[in-house]
2 protein chains.
Amino acid sequence: MVHNLTSARPAVNPLSGQSNLTTSRHLLLIVSWGYARPVPKPAADRALSLQLGVDRSSPVPLYFQLAQQLESAIEKGRLAPGTLLGNEIDLAQRLGLSRPTVRQAIQSLVDKGLLVRRRGVGTQVVHSQVKRPLELSSLYDDLEAAGQRPATRVLGNTLEPATAEVAAALGVAEGDEVRRIERLRLAHGEPMAYLRNHLPAGPLAMADAELQATGLYRLMRSAGITLHSARQSVGARAADAVEGERLGEPAGAPLLTMERVTFDDTGRAVEFGSHVYRASRYSFEFQLLVRP
Amino acid sequence: MVHNLTSARPAVNPLSGQSNLTTSRHLLLIVSWGYARPVPKPAADRALSLQLGVDRSSPVPLYFQLAQQLESAIEKGRLAPGTLLGNEIDLAQRLGLSRPTVRQAIQSLVDKGLLVRRRGVGTQVVHSQVKRPLELSSLYDDLEAAGQRPATRVLGNTLEPATAEVAAALGVAEGDEVRRIERLRLAHGEPMAYLRNHLPAGPLAMADAELQATGLYRLMRSAGITLHSARQSVGARAADAVEGERLGEPAGAPLLTMERVTFDDTGRAVEFGSHVYRASRYSFEFQLLVRP
DNA sequence: CAGTGGTCTAGACCACTCA
DNA sequence: GAGTGGTCTAGACCACTGG
């Protein structure tokens with residue numbers, strides 16, 4: 001579905017899997033995780049008693065301080081779902097802030113999906129669904145949360161000339177030297193995914209040890225690369241003999257595949273990934289936010 | 001992948017300068033479509049000659065008019081990738097707008113990934129990658145572009161008591177009446193996907209004809225439902241005999257699966273979808289934007 | 001150093017919702 | 001009609017970037 005999404009034509013709305021004739025629409029997706037399970041407590045319909053306050057001596061922007069406090073209050077259940085926040089002018093006065101500053105704070109939470117604004121009505125805390133993790137199949141995170149940190153086995157880390165496919169993805173010339181990294185991702189001691197990545201040979205020299213201990217993206221950021229966007233394609237196919245062997249699945253078993261090209265903010269492709277996951281153990285979960 | 005990207009976020013919050021071990025992390029993804037293919041033309045390094053202007057008699061907000069003009073200029077190549085926009089103060093003066101209004105316009109394009117701001121440097125047009133559709137596997141769109149509009153065959157549209165699974169997803173009681181809709185999505189006359197949806201029985205009465213002609217979401221919107229967010233899970237599995245028959249695949253063929261629960265802005269679950277796609281003919285594509 | 005975006009203020013008027 | 005968010009203005013100071 002998303003498939004149809006990206007490719008420019010009205011094609012298919014990912015939410016409906018239906019053809020969508022409207023002109024240009026945007027869907028904002030949020031992937032969120034790591035939230036503590038909320039402990040919802042009954043709260044007043046109005047958030048009058050909430051303790052809020054900003055520290056003007058802090059280097060943290062005022063709007064950001066306020067946003068953090070509100071987010072934390074929502075997360076902790078001190079602001080129950082459906083609670084009206086109270087109008088922006090009062091809030092600003094109570095905090096000694098200007099209205100635009102308060103609006104900026106609120107807007108950032110609206111963008112995260114935690115608050116909903118309605119003209120003529122007010123600003124409400126969204127009814128909880130946004131932050132609760134899914135129950136199903138959050139295997140990776142479940143394992144991590146259970147103290148079973150996923151492990152990485154580096155299978156390859158070499159420089160080689162770019163194939164046509166890699167050259168096209170990275171926007172370099174065929175035959176240019178690129179770094180090829182192959183890893184096996186394990187959890188609970190069992191293989192979960194086979195990850196193959198290609199990077200422009202230039203700036204980064206990565207030791208196997210680093211790759212084992214840290215994520216690729218963290219390494220890239222440390223090298224001063226500003227990630228900006230990525231294009232992804234998720235599909236499925238049957239495992240061939242080699243893949244099956246690698247992942248501990250029989251040949252013919254369904255695999256989840258993901259291809260991705262990542263760009264920095266200058267538009268350069270900084271990474272091309274081609275990954276396969278054991279479908280029996282892995283699925284992708286995410287949350288979509290509909291932007292009006 | 002979402003995992004890699006996400007875990008890649010810096011440990012230090014640039015705003016607070018403090019190490020951020022906390023709980024909540026977000027990745028903003030944008031799925032965008034409806035863009036025309038850009039026809040990039042060489043352009044000056046500075047966007048001095050760009051024709052911009054707002055109509056104050058229009059009901060369209062000024063910042064929105066400006067944003068649209070900028071977006072259109074980027075899309076049409078009048079603002080080439082890498083172009084500096086010129087500082088906000090000048091831009092505001094040239095347009096007879098205040099700086100906050102200009103900032104609001106620019107910010108909306110930054111949120112879409114079309115512009116990048118750097119303090120001390122300026123605002124630049126992103127290097128094109130954001131809006132170009134992927135080359136690979138754009139099967140659905142290719143078909144549509146070829147005039148083969150995807151078709152829908154309604155296989156079922158009935159009221160029935162909710163099973164435990166459906167009840168949990170929709171947040172209703174087991175046995176409550178829900179609407180069950182089954183559709184086959186075809187393209188080029190061939191089956192592409194089997195879509196099963198469950199909706200709370202309440203407000204919507206849908207005729208088969210509507211389901212065939214319009215998207216589920218469009219119907220829901222027409223019924224006054226404001227979509228707010230959705231949780232999705234994408235995986236893969238092997239087709240059983242029935243599924244294979246339905247989709248024209250042999251039993252055991254890999255299928256791409258998607259489960260989704262959609263919520264309105266009051267937090268009610270308004271739809272539960274459980275879809276399977278022929279992996280041989282379908283993949284999901286989307287674009288991620290990394291929010292700093 | 002000059003130039004940029006990031007933040008903030010204290011007002012103002014409007015459009016919309018709901019009783 | 002009262003209350004809300006949506007938009008807009010004309011300033012201000014700061015932090016960061018680059019030469």
Side-chain angles (χ1 to χ4, degrees), chain A residues 45-48 54-68 70 82-111 115-126 224 226 265-266 291-292, chain B residues 13-17 45-48 54-68 70 83-111 115-126 224 226 265-266 291-292:
Chain A
D45 225 10
R46 281 269 174 170
L48 290 174
V54 295
D55 172 10
R56 298 194 91 102
S57 70
S58 161
V60 179
L62 304 179
Y63 81 90
F64 196 84
Q65 291 184 38
L66 177 54
Q68 280 186 320
L70 289 174
T83 310
L84 281 168
L85 223 57
N87 76 54
E88 298 169 348
I89 314 261
D90 288 355
L91 197 51
Q93 262 181 351
R94 235 170 67 212
L95 293 166
L97 296 173
S98 68
R99 186 184 171 205
T101 300
V102 170
R103 273 184 68 79
Q104 194 175 0
I106 291 175
Q107 186 59 46
S108 71
L109 298 185
V110 170
D111 287 343
L115 297 177
V116 184
R117 289 206 240 233
R118 299 182 215 236
R119 198 194 310 225
V121 179
T123 303
Q124 276 183 82
V125 178
V126 155
T226 308
D265 59 5
T266 71
R291 259 283 190 87
Chain B
N13 183 326
L15 282 168
S16 64
D45 224 10
R46 281 270 173 169
L48 289 175
V54 295
D55 172 9
R56 301 195 88 102
S57 70
S58 160
V60 179
L62 302 180
Y63 80 90
F64 195 83
Q65 291 183 40
L66 177 54
Q68 280 186 319
L70 289 174
T83 310
L84 281 169
L85 223 57
N87 78 54
E88 298 170 348
I89 315 261
D90 287 355
L91 197 50
Q93 261 182 351
R94 234 169 68 212
L95 293 165
L97 297 173
S98 68
R99 186 185 169 202
T101 301
V102 170
R103 272 185 69 80
Q104 193 174 0
I106 291 175
Q107 186 59 48
S108 71
L109 297 186
V110 170
D111 287 343
L115 297 177
V116 183
R117 289 207 241 233
R118 300 183 215 236
R119 195 194 312 223
V121 178
T123 303
Q124 277 184 85
V125 177
V126 156
T226 308
D265 59 4
T266 71
R291 258 290 190 83

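Numbered from 1 within each chain, the chains take letters A, B, ... in sequence-line order. If you're wondering where the values come from, they're calculated on a predicted model, not measured in any experiment.
For Ile89(B) and dA2(C), the CD1 to P distance is 16 Å, given to the nearest whole Å. We find that CZ of Arg117(A) is positioned 14 Å from P of dT4(D), with the value rounded to whole Å. Regarding Arg103(A), its CZ atom lies at a distance of 17 Å from the P atom of dA12(C), rounded to whole Å. Look at CD on Gln107(A): it is 14 Å from P on dT7(C), rounded to the nearest Å. Taking atom CG of residue Leu115(A) and atom C1' of nucleotide dT4(D), one finds them 15 Å apart after rounding to whole Å. Rounded to an integer number of Å, the gap from CD of Glu88(A) to P of dG11(C) is 17 Å. One can place CG of Leu91(B) at 12 Å from P of dT4(C), the figure rounded to the nearest angstrom.
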Where do N or O atoms of nucleotides 8-10 of chain D meet protein N or O atoms at under 3.5 Å, pair by pair?
{"from": "dC8(D)", "atom 1": "OP1", "to": "Leu62(B)", "atom 2": "N", "distance (Å)": "2.3"}
{"from": "dC8(D)", "atom 1": "OP2", "to": "Leu62(B)", "atom 2": "N", "distance (Å)": "3.4"}
{"from": "dC8(D)", "atom 1": "OP2", "to": "Tyr63(B)", "atom 2": "N", "distance (Å)": "3.2"}
{"from": "dT9(D)", "atom 1": "OP1", "to": "Arg56(B)", "atom 2": "NH2", "distance (Å)": "2.7"}
{"from": "dT9(D)", "atom 1": "OP2", "to": "Ser98(B)", "atom 2": "N", "distance (Å)": "3.0"}
{"from": "dT9(D)", "atom 1": "OP2", "to": "Ser98(B)", "atom 2": "OG", "distance (Å)": "2.8"}
{"from": "dT9(D)", "atom 1": "OP2", "to": "Thr101(B)", "atom 2": "OG1", "distance (Å)": "2.6"}

Identify all pairs in which a protein N or O lies below 3.5 Å from an N or O of nucleotides 17-19 of chain C, and state each distance.
none

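A heavy-atom distance below 4.5 Å is found between the side chains of Gln107(A) and Asp111(A). Between Gln124(B) and Thr83(B) the shortest side-chain heavy-atom distance does not fall below 4.5 Å. The shortest side-chain heavy-atom distance between Val110(A) and Val116(A) does not fall under the 4.5 Å cut-off. In this structure, the side chains of Val126(A) and Leu115(A) stay at 4.5 Å or more apart for every pair of heavy atoms. Side-chain atoms of Val102(A) and Leu66(A), non-hydrogen and from C-beta on, do get closer than 4.5 Å to each other.
For Glu88(B), the side chain to side chain donor-acceptor pair (under 3.5 Å) partners are Arg99(B), Arg103(B), Arg117(B), not counting sequence neighbours. Residues satisfying the salt bridge (Lys or Arg N to Asp or Glu O under 4.0 Å) criterion with Arg119(A), sequence neighbours excluded, are absent altogether. Under the side-chain contact (heavy atoms from CB on, under 4.5 Å) criterion, Thr266(A) pairs with Asp264(A), Arg268(A), Arg118(B), sequence neighbours left out. With sequence neighbours excluded, the residues forming a side chain to side chain donor-acceptor pair (under 3.5 Å) with Ser98(B) are Thr101(B), listed by chain and number.
Across all strands, Arg118(B) comes closer than 4.0 Å only to sugar-phosphate atoms, never to a base (heavy-atom distances).
Within the structure, every side-chain polar atom (N or O) of Asn87(A) is placed at least 4.0 Å from both OP1 and OP2 of dG3(D).
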